Amino acid sequence: MSYKKIKKTVKNFNIEEICNSGQCFRMEAMENGRYRVLAKDRCLEIEQKGEVCTFFCEEADFETFWKPYFDLERDYALCISKIPAEDLYLTRAARFGSGIRILKQDLWEMIVSFLISQQNNIVRIRRCIQNICEKYGEERPDMYGNTYYSFPKPEVLAELDEDELKACNLGYRSKYVVRTARSVVTEEINLEKVAKMDYAAAKEELLKLFGVGEKVADCICLFALHQMQAFPVDTHIRQALEQNYADGFPMEQYEGMQGILQQYIFYYELKGKKEQENV
DNA sequence: CCTCAGGTCATCA
DNA sequence: TGATGACCTGAG
């Protein structure tokens with residue numbers, strides 16, 4: 001398998017933080033220190049040394065797929081600079097996760113991933129998705145000739161029995177995924193149209209899917225549609241806001257970047273607090 | 001044996 | 001509109 005090394009210097013990019021920020025469930029650290037990313041039917045390896053990242057892929061793939069995927073064109077430092085210094089909590093959270101990027105992932109993949117995410121922990125979410133890919137995805141060779149699996153298309157999952165995905169450890173979420181796959185295949189919900197809608201319209205459409213509620217719809221809007229206004233509120237975020245913003249979070253101050261802040265807060269609550277305890 | 005994990009749905013007032 | 005319980009599963 002031939003491949004190229006594409007070197008880029010990128011600020012506010014930390015592949016480890018991205019990997020651990022809980023928005024992508026098919027990214028992992030390899031033994032040699034590189035990271036492997038599976039997205040849709042693709043596979044990419046990344047190596048990072050300081051601000052220099054090496055992407056192992058074809059030039060055309062990098063420009064059309066991976067550059068938007070990692071949101072490389074956006075100035076995250078500019079976003080962080082809009083946080084007022086008086087807001088100690090947000091300043092700290094943004095500093096802790098300053099290498100996070102909002103990934104632009106595949107719409108169908110995010111729908112399934114966040115259907116599975118509800119009342120679930122990240123380790124098990126990853127395993128569920130890996131199980132589904134291995135069972136229903138297609139085999140592909142990576143750059144060493146080893147096999148990885150693509151994310152199964154809606155047509156494949158729509159054929160299944162409602163409880164069939166319990167075999168992949170989905171539990172009660174199995175019927176959410178299968179019924180949603182059917183809605184997509186019949187174009188009751190047309191994903192190509194959803195992808196072109198604005199935030200409000202896209203969210204309203206996604207909420208029609210069985211198993212998609214407020215929080216999951218916002219995750220899909222943020223991580224697939226790149227709607228930066230989306231601010232998914234889960235248990236961690238709710239708790240963090242209650243603790244640090246008694247008068248309410250000043251959402252209006254951060255027009256068009258709420259989703260980025262949500263990720264800083266989420267990642268800080270998930271990883272930052274533990275790190276403090278260990279010190 | 002409990003409780004919890006990136007919630008949502010059905011049901012009832 | 002808002003509150004309440006059920007729901008798969010496995011790790012701690």
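Below, chain A is the first sequence line, B the second, and so on; all start at residue 1. For clarity, every value in this text was computed on a predicted model and none was experimentally measured.
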With 3.5 Å as the limit, what N/O pairs link the protein to nucleotides 2-4 of chain B?
none

With the threshold set at 4.0 Å, does a side-chain nitrogen-carboxylate oxygen contact exist between [X] and [Y]?
{"X": "Lys196(A)", "Y": "Glu192(A)", "value": "no"}
{"X": "Lys203(A)", "Y": "Glu214(A)", "value": "yes"}
{"X": "Arg34(A)", "Y": "Glu47(A)", "value": "yes"}

(message) Any donor-acceptor pair, under 3.5 Å, between the side chain of Tyr267(A) and the base of dG6(B), if you only look at N and O atoms?
(response)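 No.
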(request) Within residues 13-27 of chain A, find the residues that approach DNA chain C with a heavy atom at under 4.0 Å, and present them sorted by residue number. (result)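 Correct list: empty, so none.
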(message) I need the residues from residues 215-241 of chain A with at least one non-hydrogen atom less than 4.0 Å from DNA chain C; give them sorted by number, or say none.
(response)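 The answer is none.
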My understanding is that only residues two or more places apart in sequence, or in another chain, count here; which of them pass side chain to side chain contact (heavy atoms under 4.5 Å, CB included) with [X]?
{"X": "Ser150(A)", "result": "Asp41(A), Glu138(A), Arg140(A)"}
{"X": "Asp71(A)", "result": "Arg74(A), Tyr76(A), His226(A), Met228(A)"}
{"X": "Glu205(A)", "result": "Ile189(A), Val194(A), Met197(A), Lys208(A)"}

Test item: [X] side-chain N/O and [Y] main-chain N/O as donor-acceptor pair under 3.5 Å:
{"X": "Trp108(A)", "Y": "Pro152(A)", "result": "yes"}
{"X": "Asp161(A)", "Y": "Glu164(A)", "result": "no"}
{"X": "Gln130(A)", "Y": "Phe25(A)", "result": "no"}
{"X": "Gln48(A)", "Y": "Ile15(A)", "result": "yes"}
{"X": "Arg126(A)", "Y": "Met27(A)", "result": "yes"}
{"X": "Gln118(A)", "Y": "Arg173(A)", "result": "no"}

(message) Rounding to an integer number of angstrom, what distance separates dT3(B) and dA6(C) when you compare their P atoms?
(response)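 About 13 Å, rounded to a whole number of Å.
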(request) Using the P atom on both, measure dG10(C) against dC1(B) and round to a whole Å. (result)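 Between the two P atoms, the distance is 16 Å.
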(request) Under 3.5 Å for both distances, Watson-Crick or G-U wobble, that's the pair rule; now give the dot-bracket for DNA chain C, with | marking pairs to another strand and [ ] for crossing ones. (result) |||||||.||||
(request) Check the distance between dG7(B)'s P and Leu206(A)'s CG and give it to me in whole angstrom. (result)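 Whole-Å distance recorded here is 18 Å.
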(message) Just the rounded figure in Å: distance from P of dG7(B) to CZ of Arg173(A).
(response)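 Those two atoms, CZ and P, are 9 Å apart.
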(message) Here's a test for you: under salt bridge (charged side-chain N to carboxylate O under 4.0 Å, His left out), which of Lys4(A), Lys67(A), Arg42(A) qualifies with Asp61(A)?
(response)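 One option only clears the test, and that one is Arg42(A).
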(message) What residues from residues 107-120 of chain A pass a heavy-atom cutoff of under 4.0 Å to DNA chain B?
(response)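 By residue number: Ser117(A), Gln118(A), Gln119(A), Asn120(A).
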(request) Taking only heavy atoms on the protein side, list every residue of residues 244-255 of chain A lying under 4.0 Å from any atom of DNA chain B, sorted numerically. (result)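 Heavy-atom cutoff 4.0 Å gives no residues at all.
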(request) Take Asp218(A) and Tyr199(A), measure what side-chain hydrogen bond (donor to acceptor under 3.5 Å, both in side chains) needs, and give me the verdict at the end. (result) CA-CA 9 Å; Asp218(A) 272 330; Tyr199(A) 171 55; 2.5 Å; yes
(message) Over 60° means perpendicular and under 30° means parallel, so tell me whether Phe223(A) and Phe114(A) are parallel, tilted or perpendicular.
(response)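 Aromatic pair Phe223(A)/Phe114(A) classed parallel.
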(message) I'd like the 5' and 3' limits of the part of DNA chain C contacted by chain A, with heavy-atom contacts below 4.0 Å.
(response)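 Using the under 4.0 Å cut-off, the span is dC7(C) to dG10(C).
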(message) Please tell me whether Phe231(A) and Tyr254(A) form a close aromatic pair, meaning their ring centres lie under 6.0 Å apart.
(response)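 No; Tyr254(A) has its ring centre 6.0 Å or more from that of Phe231(A).
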Atom pairs, N/O to N/O, protein against nucleotides 9-13 of chain B, distance under 3.5 Å?
from: dC9(B); atom 1: OP1; to: Gly211(A); atom 2: N; distance (Å): 3.0

Do any side-chain atoms of residues 175-188 of chain A form donor-acceptor pairs under 3.5 angstrom with protein atoms, and if so which ones, sequence neighbours left out?
from: Lys175(A); atom 1: NZ; to: Tyr172(A); atom 2: O; distance (Å): 3.4
from: Arg179(A); atom 1: NE; to: Glu162(A); atom 2: OE2; distance (Å): 3.0
from: Thr180(A); atom 1: OG1; to: Tyr176(A); atom 2: O; distance (Å): 2.8
from: Thr180(A); atom 1: OG1; to: Phe210(A); atom 2: O; distance (Å): 3.1
from: Arg182(A); atom 1: NE; to: Ala158(A); atom 2: O; distance (Å): 3.2
from: Arg182(A); atom 1: NH2; to: Leu160(A); atom 2: O; distance (Å): 2.7
from: Ser183(A); atom 1: OG; to: Arg179(A); atom 2: O; distance (Å): 3.2
from: Ser183(A); atom 1: OG; to: Glu188(A); atom 2: OE1; distance (Å): 3.4
from: Thr186(A); atom 1: OG1; to: Arg182(A); atom 2: O; distance (Å): 3.0
from: Thr186(A); atom 1: OG1; to: Ser183(A); atom 2: O; distance (Å): 3.2
from: Thr186(A); atom 1: OG1; to: Glu188(A); atom 2: N; distance (Å): 3.4
from: Glu187(A); atom 1: OE1; to: Asn190(A); atom 2: ND2; distance (Å): 3.3

